[in-house]
Protein chains: 2
Amino acid sequence: MTRKIPDSTVRRLSHYLRSLEGFQEPGGTVSSEELAARGQTTAAQVRKDLSHFGSFGKRGLGYRVDELRAHLRSILGIDRRWRVALVGAGRIGLALFEYPAFRARGYDCVAIFDPDPEKVGTVRAGLVVHDPSGFEDAVRDLGIELVILAVPEGAAQEMAGRAVEAGVKGILNFAPIRLNVPPLVPVEDVNLVMELEALSFAITQAGHEE
Amino acid sequence: MTRKIPDSTVRRLSHYLRSLEGFQEPGGTVSSEELAARGQTTAAQVRKDLSHFGSFGKRGLGYRVDELRAHLRSILGIDRRWRVALVGAGRIGLALFEYPAFRARGYDCVAIFDPDPEKVGTVRAGLVVHDPSGFEDAVRDLGIELVILAVPEGAAQEMAGRAVEAGVKGILNFAPIRLNVPPLVPVEDVNLVMELEALSFAITQAGHEE
DNA sequence: TGTTGTGAAGTATTTCACAGCC
DNA sequence: GGCTGTGAAATACTTCACAACA
């Protein structure tokens, strides 16, 4: 049904969904104009983004909030729950596991792995930390589909390979390297230092313009 | 000197710099081809990205590693140190403040603010947590230029406004809203749930292709 | 010879503008 | 009358291909 959807569109879809949370009247409607006002786009962009997936609006009226929300959730694949494991029980990963929106958006924390003997056996974010030796069994037994990879740079590629091999379907990677995985397994990279550098760049360049 | 540089280019520059860390021979050289192999691009893209800022290579030879590194650091604005405050002493912000690469890349943690009376006065990441009432004075007295905004959604806009008003030059925003700030103050958004949704989307859509 | 720097060509994404429908 | 859905136009970004040159 769908052709190739740009990454930028996906980010915006996620944003539209979040924007809809402002509207609580059950049968209310939004226009592309209103949706664009929140978010950082134009009405035309909103309509184009949505049009890749169907015709959800009514001409002259706009989009029904509840309907659009359901469509967006279905498009983004969060009209279901996802079973997620955290690999690397450091601060960032645990922060995500304890973040209320994480659960609220459809992601269930089902296991935590860390090789540190100080951490193995302790309880974090409500789960016992396990040694990674049991990782493959857990993926199978718990039906883990997503992995949050928050391990040191040196361990990331190995754990990513093991995850893919075990049948994990997607990886959220916090390590500052490009993981080498088969193209069928999507990887999203989060690189906080890179974001800071983009900031330094923007500030620095602002002085260089003529 | 420079025209408008796409965001994608900036991210890649940051990546090239990181890739150079693999090369330790002082006077060694890299070709655009080698740089492209790490990272996820083509040699032509590498050359084009760099060409926006000058001619750093030697035809027939490639780029001198140490020179290129210095140029990239200068372009990204990290050939200096930045004074950074954390607003919101939650797990994510503290994780970043304690992450070794944060300091190593030129960012100095100089203050932490949080309104929670349980946290005020305690020491986190080596700094005493202060109440946000003293924020403006601290920006002036400590020369704070960057703010890492890791507060709940409801408080983000207010603190962003105060930061801009106080003279902060850039904001790394973890709250899942678009901050309303003057266009001269760059904001980088980090939205972890959005990244997860991009992952769910990619996995879900993989089944829909014909 | 080997590899850069760069216009020109090719794609991808965004914006425009308006017909079509509520 | 108002607002969507969508081709066509405009703009942005990437890739090509080759002259320049160490």
Side-chain angles (χ1 to χ4, degrees), chain A residues 1-16 19-20 23 27-69 71-72 75 198 201-202 205 209, chain B residues 1-16 19-20 23 27-69 71-72 75 198 201-202 205 209:
Chain A
M1 169 197 182
T2 58
R3 281 292 60 196
K4 185 64 192 338
I5 304 298
D7 209 64
S8 47
T9 295
V10 179
R11 306 300 169 97
R12 286 193 301 264
L13 292 175
S14 179
H15 218 284
Y16 302 152
S19 298
L20 290 180
F23 295 81
T29 62
V30 236
S31 65
S32 54
E33 196 69 62
E34 291 172 285
L35 230 26
R38 308 164 172 63
Q40 193 84 94
T41 23
T42 64
Q45 183 73 77
V46 172
R47 296 200 298 277
K48 183 68 98 181
D49 287 342
L50 294 174
S51 76
H52 290 124
F53 303 95
S55 299
F56 307 136
K58 297 252 186 308
R59 296 171 194 232
L61 270 173
Y63 302 88
R64 280 198 47 180
V65 172
D66 50 3
E67 268 179 36
L68 185 54
R69 180 148 44 205
H71 281 303
L72 285 170
I75 292 164
F201 174 86
Q205 294 298 313
E209 287 158 14
Chain B
M1 168 199 183
T2 57
R3 278 292 62 191
K4 184 65 191 341
I5 304 297
D7 210 63
S8 47
T9 294
V10 180
R11 306 302 169 95
R12 285 192 301 263
L13 293 176
S14 181
H15 218 284
Y16 302 152
S19 298
L20 289 181
F23 295 81
T29 63
V30 236
S31 65
S32 54
E33 197 69 60
E34 290 172 286
L35 231 23
R38 306 164 173 61
Q40 193 83 92
T41 26
T42 64
Q45 184 73 77
V46 172
R47 296 200 299 276
K48 184 68 97 181
D49 286 342
L50 295 174
S51 76
H52 290 123
F53 303 95
S55 299
F56 307 135
K58 298 252 185 309
R59 296 174 194 230
L61 270 173
Y63 303 87
R64 279 199 47 180
V65 172
D66 50 3
E67 268 179 35
L68 185 55
R69 181 149 44 205
H71 281 303
L72 285 170
I75 293 164
F201 174 85
Q205 294 299 312
E209 288 158 12

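Order of the sequence lines sets the chain letters (A, B, ...), proteins ahead of strands, with each chain counted from 1.
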Round to the nearest Å and state the distance from [X] atom [atom1] to [N] atom [atom2].
| X | N | atom1 | atom2 | answer |
| --- | --- | --- | --- | --- |
| B:L50 | D:dT14 | CG | C1' | 15 Å |
| B:L13 | D:dT14 | CG | P | 11 Å |
| B:R64 | C:dT4 | CZ | C1' | 17 Å |
| A:F53 | D:dT6 | CZ | P | 13 Å |
| A:Y16 | D:dT4 | OH | P | 12 Å |
| B:H71 | C:dG5 | NE2 | P | 10 Å |
| B:L68 | C:dG5 | CG | C1' | 14 Å |
| B:H52 | C:dT4 | NE2 | C1' | 15 Å |

I need the full list of salt bridge (charged side-chain N to carboxylate O under 4.0 Å, His left out) pairs touching residues 28-46 of chain A, with sequence neighbours left out, sorted by first then second residue. none

Identify the heavy atoms of A:L72 and A:Y16 that sit nearest to each other, and give their distance.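 For A:L72 versus A:Y16, the nearest heavy atoms are CD1-CB, 3.9 Å.
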
For nucleotides 8-13 of chain D, list the nitrogen or oxygen atoms of the protein found under 3.5 Å from its nitrogen or oxygen atoms, one pair per line.
none

How long is the straight-line distance from OG1 of A:T29 back to CG of A:L68, given to the nearest 0.5 Å?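 Between A:L68 CG and A:T29 OG1, I get 11.0 Å after rounding to 0.5 Å.
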
Kindly write out the residues that satisfy side chain to side chain contact (heavy atoms under 4.5 Å, CB included) with [X], not counting sequence neighbours, or none if the list is empty.
| X | answer |
| --- | --- |
| B:S8 | B:P6, B:R12 |
| B:R11 | A:M194, A:E195, A:A198, B:D7, B:E188 |
| A:A37 | none |
| B:Q40 | A:R178 |

Which nucleotide wins on minimum distance to the side chain of B:S55, given the candidates C:dT4, D:dG5, C:dG5? C:dG5

If you define the side chain from C-beta out and look only at heavy atoms, does anything of A:L13 sit under 4.5 Å from A:L50? yes

How are the rings of A:F53 and B:F201 set relative to one another: parallel (under 30°), tilted (30 to 60°) or perpendicular (over 60°)?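 Plane angle over 60°, so perpendicular.
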
Strictly below 4.0 Å: does [X] bring a side-chain N or O up to OP1 or OP2 of [N]?
| X | N | value |
| --- | --- | --- |
| A:S32 | D:dT4 | yes |
| A:Y63 | D:dG2 | no |
| A:T42 | C:dT15 | yes |

Report for the helix from C:dT1-D:dA22 to C:dC22-D:dG1: angle between first-end and last-end helix axes, five pairs each, rounded to 10 degrees. 10°

Enumerate the residues from residues 34-41 of chain A whose closest heavy atom to DNA chain D is under 4.0 Å, giving them by residue number; use none for an empty result. none

Sequence neighbours left out, what passes side-chain hydrogen bond (donor to acceptor under 3.5 Å, both in side chains) with A:Y63? Give chain and number order.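 For A:Y63 there are no side-chain hydrogen bond (donor to acceptor under 3.5 Å, both in side chains) partners, ignoring immediate neighbours.
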
Please produce a list of atom pairs where a protein N or O lies less than 3.5 Å from an N or O of nucleotides 18-22 of chain C.
from	atom 1	to	atom 2	distance (Å)
C:dG20	N3	A:R59	NH1	3.2
C:dC22	O4'	A:R59	O	3.0

